[in-house]
Amino acid sequence: MSASITVSVAGNERSVAEATTAADLFADDRAIVVARVNGELRDLAHVLADGDAVEPVRIDDPDGLQVLRHSCAHVLAQAVQQVNPDAKLGIGPPIRDGFYYDFDVTTPFTPEDLKELEKVMQRIINEGQTFVRREVSDEDALVELAGEPFKCELIGLKGGSAEDAAEGAGVEVGGAQLTIYDNVRRDGTRAWGDLCRGPHIPTTKLLGNAFKVTRSSAAYWRGDQANQQLQRVYGTAWPTKADLTAYLDRLAEAERRDHRKLGIELDLYSFPDELGSGLPVFHPKGGVLKREMEDYVRRRHIEEGFLYVGTPHISKEGLFHTSGHLPYYADTMFPPMSMEGSDYYLKAMNCPMHNLIYRSRGRSYRELPLRLFEFGSVYRYEKSGVIHGLTRVRGLEMDDSHSYVTPEQAPAEIKHLLNFVLSLLRDFGLDDFYLELSTRDDSGAKKGKFIGSEEQWAEATQILADVAAESGLDLVPDPGGAAFYGPKISVQARDAIGRTWQMSTIQYDFNQPERFGLEYQAADGSRQQPVMIHSAKFGSIERFMGVLVEHYAGAFPPWLSPVQVLGVPVAEEYAGYLREVLSGLAAQGVRVELDESDDRFPKKIRNASKSKVPFVLIAGEDDRAAGAVSFRFRDGSQRNGIPVAEAAAEILAAIASRTQV
């Protein structure tokens with residue numbers, strides 16, 4: 001009689017035979033593709049030990065999807081080397097909604113190459129190859145992978161430093177023990193193998209036909225421009241063909257809403273090469289949108305008790321040492337400029353300068369909360385590979401604020417700021433959101449990133465968590481995502497097509513007040529240290545605008561539209577009448593334009609539709625005779641013969657209420 005062991009399966013104890021695998025436990029459910037054993041993800045082929053706690057992971061769970069996509073990345077790499085045996089392998093991690101793999105090849109991949117790779121991948125998948133884990137020593141791995149120079153380099157990075165040294169490297173050499181995964185055919189022969197930490201799905205069959213190779217681009221090895229340029233191939237994989245189709249439909253809709261494309265079509269902004277990467281300019285229509293955002297948030301800050309201040313764009317180096325940003329943020333700051341014996345930096349944040357304003361004179365507890373706000377222009381050296389339109393730039397304008405409070409006032413101030421943020425998002429048409437709590441995590445590569453005592457962090461984190469819970473919104477933990485000086489809440493907003501964007505942040509800071517020696521005189525006459533709370537409501541004007549463009553697909557509500565009313569005369573003789581109507585609206589603060597082009601009326605209507613103006617006013621003989629206009633809306637519907645006064649009232653009401661039309 002074979003010996004037995006006891007394992008816990010999804011919380012229930014079971015007695016099973018020795019040498020039982022996770023696959024044996026879940027053999028009846030093909031949707032389970034990997035198991036979590038004692039908290040660690042393991043292949044289903046993993047042999048269980050006495051006392052193991054085992055939980056099933058389904059293919060449509062977040063972890064299951066990651067494993068599915070990483071397995072598909074292996075199939076892609078196998079296909080590339082099958083087509084091109086000279087291709088050298090880089091890194092191939094799963095990413096949000098898909099995966100990528102980097103290759104050293106002599107010529108870049110073409111769209112035709114990608115189609116061919118899909119066909120080869122499908123043949124590999126149809127073979128039903130299994131992913132078999134094999135432990136290897138460092139020495140043996142270096143011998144076996146001698147023809148793969150990038151893999152050999154990764155072997156020297158294994159352990160906690162791998163992810164810091166190269167994004168995605170953790171999926172290859174994330175632990176102390178190196179492993180290679182072999183793709184094994186049904187007859188037992190080895191088809192291919194790759195250095196990998198795992199785990200993987202049991203068989204390529206589970207990929208079915210629910211995958212797609214989407215695009216390719218250039219990428220530097222380990223993300224460093226000083227290193228060799230590789231070719232990165234992106235793909236996606238889903239549990240079912242229906243899931244894949246739905247995702248591709250979402251991609252197509254996202255492409256239609258791409259703010260970079262719409263910015264050109266609507267003449268809002270551009271990105272001149274002469275200025276440099278990540279440095280946008282706003283055209284007159286984009287300037288209107290930007291001004292509306294600024295006017296709104298400036299007024300709201302004043303209403304919420306903030307004092308408007310201004311600070312310079314550069315500072316001596318010492319200020320950022322005092323604040324602690326150097327060396328923590330040195331990699332994302334532009335190089336210093338040497339002048340008059342000092343090094344000056346373009347500022348990447350506004351808080352150190354606000355601290356100087358606070359410290360400029362003595363403060364009393366009677367002044368607190370003291371709330372400072374500015375539109376601060378900051379500059380961050382983002383890598384060229386991550387710059388993306390307005391949503392990832394190098395020069396940005398932040399609606400940055402800092403509240404200086406007593407420790408006792410901190411919870412109420414955080415609640416005040418969160419309510420401010422949520423009301424702002426709702427006014428701009430974003431009303432589906434949840435919260436993320438970013439906290440300290442001293443494990444692995446993050447060790448030494450944070451300053452301050454554990455007690456300070458625990459107290460600050462609890463205050464944020466309590467306020468977040470009181471809001472009633474879903475709260476998602478983000479261990480290790482905090483700034484070095486304290487934890488933060490970020491508001492994650494979903495747009496019109498369900499994508500999530502990180503928007504506003506509220507950060508608790510007990511470190512900078514200490515570093516700057518900030519004090520206030522308490523009621524008992526003692527000198528006390530305030531708490532500093534950072535908050536950016538938009539985050540940045542640029543990023544928020546990019547999100548708005550995509551959320552509305554360029555069809556802004558009237559209050560935000562660069563042009564609120566466009567006049568289109570049926571014929572030239574009615575232009576004068578329509579001009580008078582528009583002048584009356586302009587006198588009431590409405591942004592108007594009149595189409596006086598030589599185009600025929602049908603083309604003017606088509607152009608009006610493309611411009612996404614909320615109200616198009618048409619005038620012909622009947623309208624002029626009746627002192628009326630005809631409304632044409634963005635959906636193509638039309639209302640005729642509306643008296644001018646009634647039309648003006650409707651337009652002004654829509655603008656004032658910030659409603660969409």
Side-chain angles (χ1 to χ4, degrees), residues 259 263 268-284 286-302 306-320 322-323 325-326 328-337 339 342-358 371-384 386-403 424 483 502-505 507 512 532 534-549:
H259 75 277
L268 300 176
Y269 41 76
S270 59
F271 307 90
D273 289 338
E274 293 87 344
L275 288 179
S277 182
L279 300 170
V281 294
F282 293 91
H283 301 189
V288 171
L289 181 56
K290 184 170 183 284
R291 188 189 71 231
E292 283 291 333
M293 294 171 63
E294 291 171 342
D295 288 350
Y296 170 93
V297 84
R298 181 187 292 109
R299 176 181 57 78
R300 284 296 311 276
H301 272 93
I302 292 170
F306 286 84
L307 305 174
Y308 186 80
V309 300
T311 61
H313 294 222
I314 64 172
S315 167
K316 288 182 180 179
E317 176 182 23
L319 179 68
F320 300 113
T322 301
S323 69
H325 289 97
L326 285 175
Y328 286 95
Y329 286 168
D331 291 345
T332 56
M333 296 178 73
F334 277 85
M337 301 169 281
M339 296 181 294
S342 298
D343 280 349
Y344 286 78
Y345 276 87
L346 285 170
K347 67 174 176 178
M349 63 293 296
N350 302 295
C351 41
M353 297 182 179
H354 288 194
N355 289 335
L356 297 182
I357 294 173
Y358 181 97
R371 304 178 177 113
L372 305 181
F373 154 74
E374 75 165 310
F375 289 119
S377 295
V378 298
Y379 304 88
R380 296 176 179 175
Y381 182 68
E382 302 281 5
K383 292 181 179 179
S384 58
V386 301
I387 288 173
H388 183 84
L390 291 180
T391 57
R392 198 75 177 263
V393 293
R394 287 176 172 168
L396 55 146
E397 182 181 309
M398 298 183 67
D399 61 329
D400 214 357
S401 76
H402 298 93
S403 300
L424 174 145
Q502 179 178 308
M503 308 303 289
S504 317
T505 57
Q507 299 177 303
Q512 285 197 59
M532 179 182 185
H534 307 243
S535 178
K537 317 307 175 300
F538 287 142
S540 82
I541 297 285
E542 290 77 9
R543 189 170 186 276
F544 199 93
M545 185 186 295
V547 172
L548 285 180
V549 171

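The figures that follow rest on heavy atoms only: side chains count, while hydrogens, waters and symmetry mates do not.
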Could you check whether Glu374 pairs with Lys347 (Lys NZ or Arg NE/NH1/NH2 to Asp/Glu carboxylate O, under 4.0 Å)? yes
Does the side chain of Thr311 come within less than 4.5 Å of Ile357's, by heavy atoms? yes
What's the spacing between Thr505 OG1 and Asp400 CG if we round to 0.5 Å? 8.0 Å
Shortest non-hydrogen separation from Gly376 to Asn350 and the atoms involved: CA-OD1, 3.5 Å
Can you list the steps and then say if Tyr329 with Met349 is a side chain to side chain contact (heavy atoms under 4.5 Å, CB included)? CA-CA 10 Å; Tyr329 286 168; Met349 63 293 296; 3.6 Å; yes
Shortest non-hydrogen contact from Val393 to Glu382? O-CG, 3.4 Å
Hey, what do you get for OG1 (Thr332) to CZ (Arg394), rounding to the nearest 0.5 Å? 12.0 Å
Compare every heavy atom of Ser277 with every heavy atom of Ile387, then report the nearest pair and how far apart it is. CD1-OG, 3.1 Å
Tell me the closest heavy-atom pair linking Leu390 and Phe282, and the distance in Å. CD2-CZ, 4.2 Å
Tyr345 backbone acceptor or donor facing Glu317 side chain under 3.5 Å: no
Would you give the length of the straight line joining atom NE2 of His402 to atom CD of Gln507, rounded to the nearest 0.5 angstrom? 8.0 Å
Can a donor-acceptor pair be found, under 3.5 Å and without considering hydrogens, that links the side chain of Arg380 to the backbone of Ala348? yes
Looking at side-chain heavy atoms only, is the closest gap between Leu319 and Lys316 below 4.5 Å? no
Exactly one of Lys537, His534, His354, Arg371 should register a side-chain hydrogen bond (donor to acceptor under 3.5 Å, both in side chains) with Ser401. Which one does? Lys537
Partner of His301 by ring-ring contact (aromatic ring centres under 6.0 Å, His included), out of Phe306, Tyr308, Tyr296, Phe538: Phe306
Do Asp399 and Phe375 touch side chain to side chain, with heavy atoms closer than 4.5 Å? yes
Above 12 or not: heavy atoms from other molecules or residues under 6.0 Å from CG of Asp295? yes
Tyr379-His313 side chain donor-acceptor pair, cut-off 3.5 Å: yes
Under the criterion side chain to side chain contact (heavy atoms under 4.5 Å, CB included), I'd like the reasoning laid out for His388 against Arg543: C-alpha separation, chi angles, the key distance, then a yes or no. CA-CA 10 Å; His388 183 84; Arg543 189 170 186 276; over 6 Å; no
So His325 and Pro352, do their side chains get closer than 4.5 Å, heavy atoms only? yes
Is any side-chain heavy atom of Phe320 closer than 4.5 Å to one of Met333? yes
Met337 CE to Ser342 OG distance, which is reported to the nearest 0.5 Å: 12.0 Å
Would you call Val297 and Phe544 a side-chain contact if the rule is heavy atoms closer than 4.5 Å? no
Would you give the length of the straight line joining atom NE2 of His259 to atom OG1 of Thr391, rounded to the nearest 0.5 angstrom? 4.5 Å
A side-chain contact here means heavy atoms from C-beta on lying under 4.5 Å apart; do Tyr269 and Met545 qualify? yes
Provide the closest heavy-atom pair for Cys351 versus Gln512 in the form atom of the first, atom of the second, distance. SG-NE2, 3.4 Å
On a heavy-atom basis, which atom in Leu548 and which in Met293 lie closest, and how many Å separate them? CD1-SD, 4.4 Å
